[in-house]
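Okay, structure first, notes after.
Every value quoted in this text rests on a predicted model; they were computed, and no experiment measured them. Convention: sequence-line order gives letters A, B, ...; per-chain numbering from 1.
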Amino acid sequence: MSDLSSINEQMRSLLARTARGRSEFEDLVVVPVFAVVVALIFGMLVMLATGVDIATIGKSFVALAKGSLGSVNALSETLTAAIPLVLAGLGLGLGFRAGLFNIGAEGQVLLGGTAAVIFGFTFHSLPFAVLMPLSLLAGAIVGGLYAAIAGALKAATGAHEVITTIMLNLISFKLLDYLLRQPYIQKEGRADPISKSVPDAAQLPRLLDWLDPNLRLHAGLFVMLAAVVLVWWILFRSKIGFAFRASGENPHAARYAGMKSGLVIVAAMGTAGALAGLAGASQVLGVLGRASPGFSADIGFDAIAVALLGRSHPLGILFAGILFGGLEAGGRQMQVDAGVSIDLIAIIQALIIVFIAAPLLVRAIFPWGFARKSKGGSEV
Amino acid sequence: MSAVTTDTTSEKIATGKARQARIVGGVLIALALLVLFVLDVGAGQVATFKLSRPRDAIVLGDLVVPGQPFNLVAAALLAFLGVRQFLRGGVRWTSISLGVGLAILVMAFLVWATADKSFSLTGMLQATMVRAVPIALGGLAGVLCERVAVVNIAIEGMLLAGAFTGALIGSLLGGWGGLVAAVLVGGSFGLILAALVVTFRMDQIIAGVVINLFVLGLTSYVSSQVFAEVRSLNNAPVFRAWKIPLLGDIPVIGPMLFNQNLFVYGALILVAVATYYLFHTKGGLRARAVGEHPRAADTLGVDVYWTRYVHVTLGGMVAGFGGAWFTLGSVGRFDENMTGGRGFIGLAAMIFGRWHPVGALSAALIFGFADSLQQKLALLNTPIPSEFLAMAPYIATIIVVAGLIGKARAPAADGKPYVKE
Amino acid sequence: MDVELRGITKRFGSVVANDGVNLTIRGGEVLGLLGENGAGKSTMMNILSGLYSPDEGEILIDGKPVVFQGPGDGIEAGIGMVHQHFMLVPVFTVAENVVLGVEPTGRLGYLDLKRARAQVDEINQLYGLHVPADTLIEDLPVGIQQRVEILKVLFRQADVLILDEPTAVLTPQEVEEFFGIVRSLKEAGKAIVFITHKLHEILEVSDRVSVMRQGRIVGEGDPKTLTEADLAEMMVGRPVSFTVDKTVAEPGRPMLEVSDLVVLRDNDEIAVDHLNMVVKSGEVVGIAGVQGNGQSALVEAITGLARAASGKIVFDGKDITHFSVRQRHSEGMAHIPEDRHKSGMVSSFTIAENMVLNSYYEKPYSKGMAIDWPTVHKTAAKYCVDFDVRTPSVFLPAGNLSGGNQQKMVVARELERQTKLVIASQPTRGLDVGSIEYIHSRLIEARDEGDGVLIVSSELDEIMGLSDRILVMFDGRIVAEFDNTGGKADRNAIGLAMAGATEGAAA
Amino acid sequence: ASAFTACQVTDTGGIDDAGFNQTAWKGVQDAIEAHGIEGRFLESQAESDYEANLNSLMGGGCDVIVTVGFLMGDATAAAAKANPDQKFSIVDFAYDPAIPNVIGQVFATEQAAFLAGYLAAGMTETGVLGTFGGINIPPVTVFMDGMVHGANYYNEKHGTDVTVLGWNPETKEGLFTGNFDSLDDGRAFAQNLYDEGADIVMPVAGPVGLGSAALADELGTDELKIIGVDADQALTDPEKAHVYLTSVLKRMDSTVQEVIEAAMNDTFEGGVIVGTLENDGVSLAPYHTFEGAVPAELQAELDEIKAGIIDGSIKIGM
Ligand SMILES: Nc1ncnc2c1ncn2[C@@H]1O[C@H](COP(=O)(O)OP(=O)(O)OP(=O)(O)O)[C@@H](O)[C@H]1O
Ligand SMILES: Nc1ncnc2c1ncn2[C@@H]1O[C@H](COP(=O)(O)OP(=O)(O)OP(=O)(O)O)[C@@H](O)[C@H]1O
Ligand SMILES: [Mg+2]
Ligand SMILES: [Mg+2]
């Protein structure tokens with residue numbers, strides 16, 4: 001033991017990282033590919049069952065590919081749709097890591113977006129360099145505070161966050177309906193429940209409009225990418241992230257280690273809500289330009305699937321969000337080119353998630369393409 | 001426990017619960033002030049609650065409540081409860097005091113809102129029951145699943161599937177056919193959920209989310225492709241209210257409990273059966289053991305996977321029954337997303353009801369009450385905007401969950417997959 | 001009934017837990033099974049009971065080969081196992097736990113709890129177990145829970161009883177009573193497999209002993225002719241010292257002074273009742289006591305996990321009564337928690353992450369808001385080397401370590417820092433002799449460096465071996481104090497005090 | 001495809017919303033039937049789809065594009081400005097100032113609802129009417145306003161005391177389901193009004209109203225009658241046709257068809273079409289099964305009032 005070189009040798013081997021195994025590669029690459037294929041086949045069966053003819057089905061799958069990846073416009077649409085999903089998904093993923101099952105992203109998106117709009121038109125005279133970032137920030141803060149309510153309730157009284165966030169969602173819908181009737185918020189000269197528009201100086205500039213004015217991809221893309229990096233840093237590099245993860249995995253150990261559970265819960269919820277709020281803000285500042293009833297359009301719920309599919313890892317969430325964005329954009333194209341109902345996309349989405357999230361199922365369906373596992377394998 | 005010497009009693013031992021008791025005391029006193037100053041009713045104004053409807057067999061007079069005295073008494077009671085709670089800090093009484101306090105508040109609020117007006121109390125109670133049905137059934141489905149440690153986020157989707165099937169098959173084969181089909185389809189989704197999470201070890205939450213997405217997509221797709229074209233496929237008969245002789249004529253309570261349709265009776269019976277099953281039978285004992293400590297159950301020869309399959313499927317069937325209520329028990333036709341999130345509220349009711357069938361039913365009734373109350377208040381022209389009235393059930397839930405329940409304990413293995421070696 | 005295991009092999013991924021094991025078990029005989037942590041004892045018994053299926057090999061009962069599809073088949077065949085980790089549903093009553101799987105039922109599947117209770121009481125009588133049938137498991141002390149496990153097996157009329165580390169959590173008195181039960185079972189003709197890490201127990205109760213190392217049987221023998229030292233050497237592969245080598249303590253200034261401390265449980269019952277005690281630097285103070293007498297609450301209050309309802313805690317001259325866990329930690333308090341799985345570690349975290357679980361926020365592990373991972377990894381590797389934590393890499397999840405190595409990891413984390421006071425709760429529960437030896441020497445080392453050391457253990461041997469001074473805790477108070485310089489404290493007197501007999505001897 | 005093509009982009013309610021999307025689409029279908037043109041629609045799932053859907057219709061395939069609802073106001077205006085040669089029309093919305101290539105279609109719905117309120121007041125046996133809406137927004141509440149004013153006018157004329165539950169035109173507060181999906185809410189809200197004595201209820205919440213019809217069907221029409229909105233619900237909900245006393249028609253189908261015809265005949269001119277009682281853009285539907293039940297005097301009064309509204313001698317809500 002006292003032999004210095006043997007100790008160094010020991011240390012070196014302890015510090016060597018293990019290489020990624022074949023099964024990890026399969027889970028990360030092979031399974032998703034199979035999943036998409038199987039889901040499309042199932043989608044085809046559904047269409048056949050409802051009397052759609054083969055030619056149309058073929059056309060619709062071509063459209064799906066074309067609409068999600070096939071052109072600059074398609075890519076732009078895919079990314080545009082991905083931005084809010086990834087942002088909100090990052091928030092949810094962070095919450096999951098901290099052991100919080102936040103169903104409330106939808107409400108946080110809604111109120112965050114509304115706050116960004118209100119801030120934008122209230123301070124419309126500020127210059128772009130100030131107003132746009134501050135409007136985003138306003139969205140993030142309001143989203144964060146709204147989520148923190150659920151966090152604080154859990155920390156103070158143990159109220160289950162699933163219930164409180166479901167309720168806060170429902171409350172936010174009503175609150176928005178109410179706000180949109182208020183003269184200060186309602187669009188000038190209209191009685192409809194639509195907010196005033198976001199001034200140009202608060203908008204996330206479109207990135208590709210020099211190419212074609214219809215390309216909607218906006219600067220929210222950078223917000224999204226920055227958020228991916230930030231969340232990755234928070235979770236895996238920062239002190240608070242360590243506390244989030246420890247509390248999520250084993251609250252007893254976290255308490256033993258001196259982490260304040262209440263603080264961690266509120267902070268994690270707040271951060272998650274801020275990201276969801278940012279999702280709402282980027283949607284109104286980049287795409288919609290105003291708030292209206294239900295403008296969040298289930299982003300917060302889809303983001304749950306995105307976060308879970310991305311295994312609560314920022315990179316995974318990025319890819320899952322882009323996949324969902326692609327399905328959305330491609331689904332629209334299916335409707336345009338083949339006249340297939342857009343509801344079909346929801347079915348295909350669901351199937352893709354099933355197969356990605358259940359590698360065992362894909363392995364069962366496609367026994368080939370995977371290395372055979374020894375009996376009693378190490379799947380734990 | 002141990003003999004505490006006399007000097008201990010004199011010193012202040014601050015416990016978490018004592019602090020909570022004091023907070024509740026403060027809240028109650030604040031409520032008393034609220035009733036006194038905000039909900040104050042002008043002298044001589046009366047609130048009229050109609051106990052009978054014109055066609056009832058036994059007609060009772062209206063319940064006329066003098067507003068000012070009533071609310072003064074309510075404020076006094078609240079203040080008494082609050083001060084008592086604050087000074088004594090009796091831990092055991094905290095929840096009870098808060099519950100009673102909230103009930104008093106609701107009554108005072110009703111009297112204030114109804115001052116010089118009237119509404120039908122009987123109708124409100126009946127509506128409470130009706131509105132509670134799908135939530136209670138959703139909650140019961142959740143109880144069956146989570147008692148064997150499978151989290152069922154898919155209740156919403158199963159309700160929707162039940163509703164859709166009820167409408168489709170009900171249109172083709174009549175109400176009973178539709179009902180059976182809805183239950184079977186709900187059960188199949190339960191089976192699918194079980195297969196995904198038990199056999200394929202998929203994350204339970206993802207599996208649930210997916211089923212919701214899938215059902216919403218499929219039903220919307222089919223209803224827009226098929227129902228829009230062939231209307232006759234979406235025109236199912238509705239199970240009518242069936243009044244139980246005599247009992248149904250009891251004033252106030254009768255219409256609520258004994259003059260309802262199949263689904264209300266079904267929900268009540270299912271809750272009773274599930275309670276009996278879970279807590280008084282062999283199967284229930286095994287199911288709960290699987291939910292609490294699957295390995296222990298396994299070592300005793302209880303088949304964990306089989307038990308989970310069976311109960312999740314049963315849960316799906318209950319949800320399918322609850323879903324059929326939307327079409328066969330209410331409106332006779334399907335419409336996209338017609339369950340409108342009731343499954344999630346059912347989930348909340350399950351947690352709120354502490355994973356107990358009766359608890360879930362009670363929670364659902366609280367929802368139903370807040371919901372029908374909200375509708376009445378909207379008619380009474382209170383100065384509160386309708387959106388805020390509509391929030392009432394949700395806010396009430398948050399308050400109750402935060403104040404009364406605290407940390408409810410889920411089955412210990414809830415949400416965790418079980419891996420056999 | 002005789003049972004034979006032939007060529008049993010079981011792999012978990014790349015780990016070979018059992019490697020061609022042969023073993024024979026006979027009726028009317030107690031077979032002692034020994035082995036280091038991770039040697040494969042539990043795995044083999046899980047295979048015998050039908051919980052796991054073997055990759056190779058076969059099981060023969062009275063010469064006939066059998067195949068178990070699940071534990072149900074094992075039970076059917078008359079094999080019952082008391083698992084190392086209790087297999088009890090905490091929110092069920094004793095009777096419910098016992099009858100689970102073989103419930104007495106009435107019509108409509110009605111669960112006849114009355115009959116269950118009667119049946120439980122019958123067995124209670126027969127073997128003198130004295131278990132209350134209607135109490136919830138979570139309200140029972142572990143000693144009684146252990147008996148419930150045995151009751152479960154007996155209730156199923158098992159002829160082969162596998163007892164996996166049943167004594168790990170029992171007090172000396174309870175162990176004695178337990179041995180009485182084991183002997184009466186043996187007389188009733190049952191075959192018993194008894195797994196333990198305590199060598200004297202093997203010698204005391206078993207008729208035959210088998211020793212396992214790294215998945216294989218490495219030795220068998222007759223306990224009457226073997227000594228503890230023989231067994232230990234067979235097990236570890238080298239001679240092991242049993243007595244803790246230590247010099248006479250040189251107590252210095254008071255490190256921890258607890259005065260009039262009152263701690264309440266969640267239900268507001270009093271757990272610690274106006275307790276006073278002192279731990280000086282350079283001494284080891286052991287707290288002996290039967291579980292449930294407030295030791296855990298005392299430790300929680302000292303370490304900041306529980307609030308002191310009243311009283312004062314002074315640490316090296318500083319009043320820390322209202323300090324947070326973290327403040328106490330940075331003042332130099334080390335805490336080895338009683339349940340490493342529950343609170344000492346995060347199983348899914350890497351070993352490196354676990355090594356800084358409670359100091360990640362301090363220098364040198366953090367820079368600003370970020371954690372300095374390279375430093376953390378290097379430190380963790382060094383700790384692993386220093387404390388002999390056997391793992392291929394610090395990047396593996398801590399849950400993959402065997403229990404002994406997990407505990408060494410926790411001990412390394414707590415003792416490698418500059419500390420003034422070490423609080424160790426059940427520091428060697430469930431560990432093999434090699435690991436125990438190691439951890440004990442580390443605790444003494446901490447004392448010799450001038451730390452105050454407070455040991456809380458239900459293991460009287462451990463308390464006797466380590467402590468310079470012994471306090472006995474009963475019903476929330478210190479009821480007796482013994483000087484243990486040179487291990488001279490009176491074992492019997494301590495045992496009596498633990499049972500609450502000598503109220504008058506309190507310090 | 002040389003055939004004239006009319007395209008529609010729905011709002012998030014979808015094509016089968018039993019409301020304005022569906023009614024507008026009926027206008028397209030009527031035009032298809034009458035003139036043999038082609039028609040297609042795109043459904044929007046979310047508001048962010050509006051722009052994308054409109055963009056995908058640019059490129060010349062559509063001779064006229066019909067959009068639906070105030071939510072699409074901005075997106076339609078933007079598309080119209082970017083594509084000045086493309087003809088647009090938007091239902092339930094108008095621009096001020098007008099956009100040259102967009103025809104807005106708006107409706108004086110309160111006029112027809114006023115008649116419905118008067119009729120209901122004349123028909124009620126309990127003296128209590130009820131109404132409820134989807135959410136508290138003007139396209140919804142304008143129906144409720146008209147109903148209340150019509151009932152009040154009846155009271156004025158006849159010295160009766162008919163009350164309308166569920167909407168207060170002064171405070172702008174009333175009974176709302178908060179959604180346009182939950183048919184079950186339609187039943188529950190109608191039950192609520194019925195419990196308070198209402199025997200005629202007008203739900204203004206798209207498909208939610210179908211739930212109210214189910215209740216009326218179950219209770220029997222002597223207990224509860226329903227007034228439909230938007231389209232003649234006795235026709236769109238034929239299975240429950242017998243429960244509809246009448247419907248307040250907002251003839252989006254006819255204005256849409258009118259716009260299509262204008263586009264076909266090159267008489268298309270940006271601006272606004274206002275549907276009123278005068279031009280039959282709004283009206284009361286036939287009574288169908290209640291044909292015999294409405295007294296002749298009441299019918300005569302209604303005709304008189306209709307004339308009064310058209311000539312301006314009766315002002316609604318004044
Ligand atoms: N479920 C499992 N999955 C993976 N590996 C396992 C599992 N159970 C046991 N092992 C591994 O098998 C080996 C033998 O473990 P086992 O539990 O049988 O040891 P043991 O002799 O009972 O140890 P102890 O004295 O600590 O109880 C260990 O290396 C352990 O890591
Ligand atoms: N699911 C699992 N995956 C990987 N390894 C496991 C698993 N379950 C148990 N093990 C390993 O099996 C070995 C023995 O586990 P066991 O649970 O018996 O702990 P232990 O070392 O005996 O601790 P204690 O005595 O405190 O219970 C350990 O190495 C543990 O890491
Ligand atoms: Mg073991
Ligand atoms: Mg062990």
Exercise. Between A:Tyr146 (side chain) and A:Leu168 (backbone), is there a donor-acceptor pair under 3.5 Å?
Worked result: yes
Seminar exercise, completed: The interface call for A:Ala150 against chain B, heavy-atom contacts under 4.5 Å, is neither
For this session: Scan side-chain atoms only and decide if A:Asp53 and A:Thr56 contain a donor-acceptor pair under the 3.5 Å cut-off.
Result: yes
Exercise. Yes or no on salt bridge (charged side-chain N to carboxylate O under 4.0 Å, His left out) for A:Arg181 and B:Glu387, after CA distance, side-chain angles and deciding distance?
Worked result: CA-CA 11 Å; A:Arg181 305 202 269 136; B:Glu387 290 89 354; 2.7 Å; yes
Seminar exercise, completed: Residue from A:Leu175, A:Leu153, A:Ile304 scoring the most non-hydrogen pairs under 4.5 Å with chain B is A:Leu175
For this session: Please flag which part of B:Thr199 lies under 4.5 Å from any non-hydrogen atom of chain A: side chain, backbone, both or neither.
Result: backbone
Exercise. Centroid-to-centroid, B:Phe164 to B:Phe227, below 6.0 Å?
Worked result: yes
For this session: Would you check if the side chain of B:Asn152 reaches a backbone N or O of B:Ala154 as a donor-acceptor pair within less than 3.5 Å?
Result: yes
Exercise. Checking heavy atoms, do the side chain of B:Ser220, its backbone, both or neither come under 4.5 Å from chain A?
Worked result: both
Problem set entry | Residue A:Phe101 excluded, over 12 heavy atoms near CZ under 6.0 Å | yes
For this session: Let me know if B:Leu196 has heavy atoms under 4.5 Å from chain A in its side chain, its backbone, both or neither.
Result: side chain
Exercise. Of the listed residues (A:Thr164, A:Ile166, A:Leu170, A:Ile149), which shares the most heavy-atom pairs with chain B below a 4.5 Å separation?
Worked result: A:Leu170
Exercise. Is it the side chain or the backbone of B:Ile153 that comes within 4.5 Å of chain A heavy atoms, both, or neither?
Worked result: side chain
